[in-house]
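The structure appears right after this line, and notes come after that.
In what follows, every chain begins at residue 1, and chains take the letters A, B, ... in the order their sequences are listed. Since the model is a prediction, treat every value here as computed from it, not as a measurement.
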There are 2 protein chains.
Amino acid sequence: MAAPLPRDPIADAQRNWEEHGWADVAPPMAAITAIMRTQQILLARIEGALKPFGLTFARYELLALLSFARSGELPMNKASALLQVHPTSVTNAVDRLEGSGLVTRSPHPTDGRTTLIELTAEGRIVAKRATAVLNTEVFGQSGFDAADVDQLIRILGTFRRNAGDFAD
Amino acid sequence: MAAPLPRDPIADAQRNWEEHGWADVAPPMAAITAIMRTQQILLARIEGALKPFGLTFARYELLALLSFARSGELPMNKASALLQVHPTSVTNAVDRLEGSGLVTRSPHPTDGRTTLIELTAEGRIVAKRATAVLNTEVFGQSGFDAADVDQLIRILGTFRRNAGDFAD
DNA sequence: GCAATATACTAGGACATCCAAGGGTTTGGA
DNA sequence: TCCAAACCCTTGGATGTCCTAGTATATTGC
């Protein structure tokens with residue numbers, strides 16, 4: 001998108017924070033800002049890898065979740081909870097995946113309120129192929145070394161637990 | 001948004017990856033997914049803290065950037081580069097900040113193509129107050145301990161440099 | 001058994017981000 | 001000098017996310 005900057009803007013921000021008397025919160029500010037920016041970079045890579053499949057990250061996540069479900073189907077509210085996104089976001093994703101013929105909606109056999117999302121045969125194939133590309137092009141070339149990956153999993157896992165994501 | 005899950009969905013995904021023969025990329029997959037989710041949690045906290053000011057994170061970042069500029073003004077393309085966002089996003093943010101009376105647009109004195117963004121007096125006050133709230137409510141209670149903050153800054157700093165964010 | 005409450009999904013609106021395209025300005029080479 | 005290429009910003013279109021509200025179905029309590 002843009003040429004590399006001559007200097008790290010987040011390090012500059014950290015310096016500004018220190019100079020304005022907020023030295024105590026300057027490091028967490030820098031860490032949080034770095035997380036925001038890193039997410040942006042990773043999302044761009046992921047969406048780039050998924051573009052040939054006509055998928056976005058949101059739709060891929062739903063597809064992958066379904067492909068790991070034993071029966072290949074899941075209630076919408078379950079998907080919303082597992083993906084940690086708003087129910088309306090799932091509705092949106094399902095609308096488009098259904099339009100592409102990758103999933104279908106069907107009524108829940110016993111609960112009339114619930115809608116089941118089910119992978120189609122094509123959806124299962126696309127999920128498999130997209131995962132293979134993500135594995136080789138993104139996850140396999142993350143740029144994090146093994147030790148740092150472990151650190152990230154540990155640090156962010158603790159954070160998410162404390163934030164109330166899961167009980168464990 | 002949702003009740004805590006009984007188990008960590010990212011740890012489950014990592015297990016699924018291992019069981020499907022992708023054990024080599026399972027850890028980076030988990031780390032990257034954790035970054036995506038952590039960003040989501042942090043963004044929600046930040047936007048919550050900024051809501052009373054009528055600001056979003058995107059608009060706050062622009063406001064903060066201007067408040068640190070000596071003259072309190074910056075060309076749009078400079079802001080776009082420093083914030084690492086698309087020029088149209090800056091246009092959008094400036095439109096709204098201008099509508100709220102926090103910034104003004106003015107023509108560049110020598111380059112007719114360039115538009116300068118300038119903080120208003122009120123904009124400067126709002127930036128100061130919003131920063132104070134963010135410092136106490138978000139950065140001051142990040143949930144990361146000091147050692148982990150250092151790790152994050154180091155790991156993500158290396159990643160961003162390798163990704164071409166900055167040369168340093 | 002029926003009303004009140006809770007749950008599940010969808011519709012419409014507000015924002016933010018990106019891409020593609022267009023109009024004005026500046027720069028540099030023929 | 002002059003015109004093409006490069007640059008800057010804005011507009012319009014597509015996507016995703018969240019919130020609020022509304023409809024339909026289940027469950028609970030009197």
Side-chain angles (χ1 to χ4, degrees), chain A residues 1-3 36-37 39-48 50-51 53-63 74-100 103-117, chain B residues 1-3 36-37 39-48 50-51 53-63 74-100 103-117:
Chain A
M1 167 191 323
M36 309 297 280
R37 174 59 188 151
Q39 186 268 352
Q40 195 178 355
I41 295 169
L42 290 170
L43 181 58
R45 289 186 189 174
I46 292 171
E47 306 250 270
L50 293 175
K51 202 173 199 68
F53 299 97
L55 291 175
T56 63
F57 185 47
R59 293 182 226 166
Y60 167 77
E61 277 198 297
L62 184 51
L63 225 49
L74 224 52
M76 308 248 327
N77 63 336
K78 204 84 173 172
S80 168
L82 291 173
L83 296 176
Q84 314 256 205
V85 297
H86 201 276
T88 55
S89 298
V90 177
T91 296
N92 186 320
V94 172
D95 283 349
R96 298 173 191 284
L97 286 173
E98 196 171 28
S100 306
V103 307
T104 57
R105 268 184 246 242
S106 55
H108 191 286
T110 65
D111 189 336
R113 299 168 300 179
T114 300
T115 300
L116 292 177
I117 324 166
Chain B
M1 169 190 321
M36 309 298 278
R37 174 60 188 151
Q39 186 267 354
Q40 194 178 356
I41 295 169
L42 290 170
L43 182 59
R45 289 187 189 174
I46 292 171
E47 305 250 88
L50 292 175
K51 201 172 199 72
F53 299 97
L55 291 175
T56 62
F57 185 47
R59 293 181 226 167
Y60 167 77
E61 277 197 298
L62 183 52
L63 225 50
L74 225 51
M76 308 243 335
N77 62 336
K78 203 85 172 170
S80 169
L82 290 172
L83 296 176
Q84 314 254 206
V85 297
H86 201 276
T88 55
S89 298
V90 177
T91 295
N92 185 320
V94 172
D95 283 349
R96 297 174 191 285
L97 287 171
E98 196 171 28
S100 305
V103 307
T104 56
R105 268 184 247 242
S106 56
H108 191 286
T110 65
D111 190 335
R113 297 169 299 182
T114 301
T115 300
L116 292 176
I117 326 165

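- Side-chain atoms of A:N77 and A:V90, non-hydrogen and from C-beta on, never get closer than 4.5 Å to each other.
- Within the 4.5 Å cutoff, no side-chain heavy atoms of B:L55 are placed close to those of B:S100.
- At a threshold of 4.0 angstrom between heavy atoms, the contacts of B:N92 include nucleobase atoms, whether or not backbone atoms are also involved.
- Per the geometry, CG belonging to A:L74 stands 15 Å off C1' belonging to C:dC9, to the nearest Å.
- In this model, no side-chain donor or acceptor of B:T114 finds a partner on the base of D:dC7 within 3.5 Å.
- In this structure, CZ on A:R59 lies 5.5 Å from CZ on A:R96, to the nearest 0.5 angstrom.
- With rounding to whole Å, A:H108 atom NE2 is found 16 Å from D:dA24 atom C1'.
- Note on B:H86: a side-chain N or O is less than 4.0 Å away from OP1 or OP2 of C:dC19.
- Positionally, the nearest nucleotide of DNA chain D for B:V90 lies more toward the 5' end than for the other of B:K51 and B:V90.
- You'll find the side chain of A:M76 reaches within 4.5 Å of the side chain of A:R105, heavy atoms only.
- If you measure from atom CZ of A:F53 to atom P of D:dT15, you get 19 Å, rounded to the nearest angstrom.
- In this model, the phosphate group of C:dT17 is not approached by any side-chain N or O of A:Q40 to a distance below 4.0 Å at OP1 or OP2.
- Listed nucleotides: D:dC18, C:dT10, D:dT10. Nearest to the side chain of A:P87: C:dT10.
- Out of D:dT15, C:dA8, D:dC9, the shortest distance to the side chain of A:N77 is found at C:dA8.
- Here the closest heavy-atom approach between residue A:M36 and residue B:L42 is recorded as SD-CB, 4.4 Å.
- Place B:A93 and B:T110 on DNA chain C by their nearest nucleotides, and B:A93 ends up nearer the 5' end.
- Here C:dA16 presents its C1' atom at 13 Å from CG of B:L62, a figure rounded to the nearest Å.
- In this structure, A:E61 atom CD and D:dG16 atom C1' are separated by 12 Å, rounded to whole Å.
- Within the 4.5 Å cutoff, the side chain of A:Q84 has no heavy atoms near those of the B:I41 side chain.
- Side-chain atoms of B:R113 lie closest to D:dC8 of the nucleotides D:dC8, C:dT17, D:dT15.
- Between the CG atom of B:L43 and the P atom of C:dC15 there is a distance of 15 Å, rounded to whole Å.
- With D:dT11, D:dT15, D:dA26 as the candidates, the nucleotide lying closest to the side chain of A:R59 is D:dT15.
- Contact annotation: B:R96 does not reach the phosphate of C:dA14 (side-chain N/O to OP1 or OP2, under 4.0 Å).
- Counting any heavy atom pair closer than 4.0 Å across all strands shown, A:T88 reaches a base atom.
- In terms of phosphate contacts, B:T56 brings no side-chain nitrogen or oxygen within less than 4.0 Å of OP1 or OP2 of C:dC15.
- For B:R105, a side-chain nitrogen or oxygen approaches OP1 or OP2 of D:dT10 to under 4.0 Å.
- Across the protein-nucleic acid pair, A:F57 atom CZ and D:dG16 atom P stand 13 Å apart, rounded to whole Å.
- A:I117 has its CD1 atom 13 Å from the P atom of C:dA8, to the nearest Å.
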